[in-house]
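Notes for the one structure printed next.
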Amino acid sequence: MYKNTLLIIILFLTATFAGADDLVTCSEIVPMRNRYDKISITDFGGVGDGKTVNTKAFREAIYRIEHLGRIGGSLLYIPPGVYLTERFNLTSHMTLYLASGAVIKATQDTSTWPLADPLPSYGRGRERAGGRYMSFILGDGVQDVIITGENGTIDGQGDIWWNLWRKRTLQYTRPHLIEFMNSEDIIISNVILKNSPFWNVHPVYCSNVVVRYVTILAPPDSPNTDGVDPDSSSNVCIEDMYISNGDDMIAIKSGWDEYGLAFGRRSSDITIRRITGSSPFAGIAIGSEMSGGVENVLAEHINLFNMGVGIHLKTNIGRGGYIRNITLSNVYIENARKGIKIAGDVGDHPDDKFDPKALPVIRDIKMKSIWGEKILQPGLVKGIKNAPFINICLSDINLNGPYKARTRPWECSDVKGSSLKVSPWPCSELIGSLDGTCFTHM
Ligand SMILES: *[C@@H]1O[C@H](CO)[C@@H](O)[C@H](O)[C@H]1NC(C)=O
Ligand SMILES: *[C@@H]1O[C@H](CO)[C@@H](O)[C@H](O)[C@H]1NC(C)=O
């Protein structure tokens with residue numbers, strides 16, 4: 001009797017903790033903190049007239065935060081107004097607070113924009129060989145940094161950069177709007193990010209990063225304006241976002257071919273929830289740079305409309321690495337070229353030194369409760385010869401047409417998986433045998 005009661009209690013506790021695990025909220029990863037020391041950009045000569053270049057004010061204010069080192073950190077207040085500035089660096093223990101109506105606007109002086117070394121996990125700039133333009137707002141090796149406020153705007157004025165890219169006259173890779181490198185305990189919340197020159201938010205080699213209540217806007221034809229790209233980073237939480245941009249809304253990455261393999265830093269423990277938006281590319285993407293590995297990702301309650309691809313897992317030969325233990329659930333997709341795409345032939349290589357024998361491992365991918373309307377092709381799953389994608393588990397999936405003429409709704413090769421309640425009926429490779437591994441934890 002006593003033994004049984006004990007067993008029941010143990011089972012109950014185990015179940016409770018397993019359940020609690022799924023319910024990690026962003027605020028548990030990095031709690032919001034209050035700063036007692038507050039300064040305003042206007043104390044440092046900042047002028048929000050949209051014309052004055054405020055680089056000196058930003059640098060001096062942040063220098064003051066860094067060197068006075070107030071206990072509990074400092075808050076830098078940006079009042080309503082348009083503050084034009086060149087790029088600047090953040091420091092540890094600071095909050096950048098944008099009031100309602102505050103705009104931090106990047107200058108467009110591409111000729112004097114400073115350069116940074118390439119990331120070691122990429123070996124070169126992502127779009128051009130050599131270095132890359134330093135990110136507009138950068139935190140390098142910082143901790144406890146918050147960018148927040150009352151939904152003020154950070155405007156990258158990216159059109160000049162997009163045009164350089166379109167004309168093929170760019171010499172180096174374009175700058176990100178916000179980047180954190182080698183940093184931890186970061187929050188970006190309640191801001192609007194507009195017209196980024198390249199990717200909007202790029203946490204790389206970071207841990208404990210929260211991005212929530214952020215609106216990201218860029219025209220659908222703006223090149224490479226990815227929303228949030230966690231890269232070789234762990235414990236990342238992205239929630240309650242609206243994104244309308246010109247490339248993947250969220251893309252999890254971890255380095256590029258032989259450089260990413262040598263650097264060997266994975267992206268893991270990433271939660272994405274309540275994301276709404278629209279893009280000509282993917283809603284939720286993993287890759288194509290994933291050489292350091294990507295694992296333990298949960299994406300749920302995602303609403304996508306007017307999309308290229310709803311969910312896109314992408315890799316290539318030469319990448320090595322892995323994508324595993326990924327769960328996507330409760331995704332609604334309206335009007336898309338493709339609902340689900342998992343492909344092993346996507347994305348280019350940094351150079352011709354990649355190892356063609358470095359084959360990525362894609363396995364243990366669960367997708368459940370995915371609904372779609374006006375989906376031209378529900379599924380395209382194209383594994384790699386000699387490295388098939390395995391244990392792809394689909395359940396409760398309804399992707400309705402009208403479908404593209406003369407195309408099979410599901411096209412598959414080099415993949416193994418199982419399906420439960422999937423409509424339209426998927427390819428035979430994904431019907432498989434219900435060996436129990438797919439559906440035990442769904
Ligand atoms: C900003 O940080 C980068 C990376 O640490 C550094 O190379 C650069 O010199 C810093 N820029 C300024 C103006 O301090
Ligand atoms: C800012 O925008 C978010 C949505 O991203 C909204 O939930 C919040 O109420 C807004 N805050 C203010 C102060 O307007």
- Query: Between Glu179 and Arg132, is the closest basic N to carboxylate O distance under 4.0 Å?
  - Reply: yes
- Cationic N near anionic O, under 4.0 Å, Asp345 to Lys382: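 Judged by the 4.0 Å cut-off on N to carboxylate O distance, Asp345 and Lys382 do form a salt bridge.
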- Message: Contact between Tyr133 and Pro114 at the side-chain level, heavy atoms closer than 4.5 Å - yes or no?
- Response: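 Side-chain contact under 4.5 Å: no.
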- Task: Taking the side chain as every heavy atom from C-beta outward, state whether Phe198 and Thr173 have any atom pair closer than 4.5 Å.
- Result: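 Yes, side chains in contact.
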Checking [Y] against [X]: is there a side-chain donor and acceptor pair closer than 3.5 Å?
| X | Y | result |
| --- | --- | --- |
| Tyr213 | Thr148 | no |
| Glu373 | Asn400 | yes |
| Asp364 | Asn325 | no |
| Gln108 | Asp159 | yes |
| Gln377 | Lys404 | no |

Quick one: does NZ or CZ of [X] land under 6.0 Å from the six-membered ring centre of [Y], within 45 degrees of the ring axis?
| X | Y | value |
| --- | --- | --- |
| Arg324 | Tyr322 | yes |
| Arg87 | Trp113 | no |
| Arg408 | Trp410 | no |

- With sequence neighbours left out, what residues match Ser196 under side-chain contact (heavy atoms from CB on, under 4.5 Å)? Leu177, Asn200
- Query: Looking at residues at least two apart in the chain, or sitting in another chain, which of them share a side-chain contact (heavy atoms from CB on, under 4.5 Å) with Arg274?
  - Reply: Glu239, Asp240, His301
Between [atom1] of [X] and [atom2] of [Y], what distance do you get to the nearest 0.5 Å?
| X | Y | atom1 | atom2 | result |
| --- | --- | --- | --- | --- |
| Leu164 | Arg174 | CG | CZ | 9.0 Å |
| Tyr122 | Ser232 | OH | OG | 7.0 Å |
| Leu380 | Ile342 | CG | CD1 | 9.5 Å |
| Asn89 | Leu138 | CG | CG | 5.0 Å |

- Message: Give me each pair satisfying salt bridge (Lys or Arg N to Asp or Glu O under 4.0 Å) with a member in residues 309-321, each pair once, sequence neighbours excluded.
- Response: Asp248-Lys314, Asp257-Arg319
- Kindly give the heavy-atom pair with the smallest separation between Leu76 and Ile62, and that separation in Å.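 Looking at all heavy atoms of both residues, the shortest contact is CD2-CG1, 4.1 Å.
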- Measure the acute angle between the ring planes of Tyr83 and Phe58, then classify it against the limits of 30° and 60° as parallel, tilted or perpendicular. perpendicular
- Task: Go through the structure and list residues passing disulfide (SG to SG under 2.5 Å) with Cys206, not counting sequence neighbours.
- Result: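 So Cys206 forms no disulfide (SG to SG under 2.5 Å) with any residue.
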- Can you check side chain to side chain donor-acceptor pair (under 3.5 Å) on Glu127 and Tyr172, steps first, answer last? CA-CA 7 Å; Glu127 59 183 345; Tyr172 301 103; over 6 Å; no
- Can any side-chain N or O of Asn245 pair as donor or acceptor with the backbone N or O of Asp247 at less than 3.5 Å?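 Side chain of Asn245 to backbone of Asp247, a donor-acceptor pair under 3.5 Å: yes, one is there.
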Taking only distance into account, with no hydrogens and no angle test, what donor-acceptor pairs under 3.5 Å do side-chain atoms of residues 423-431 form with protein atoms, sequence neighbours excluded?
none

- Item | For Thr107, side chain to side chain donor-acceptor pair (under 3.5 Å) partners two or more places apart | Asp109
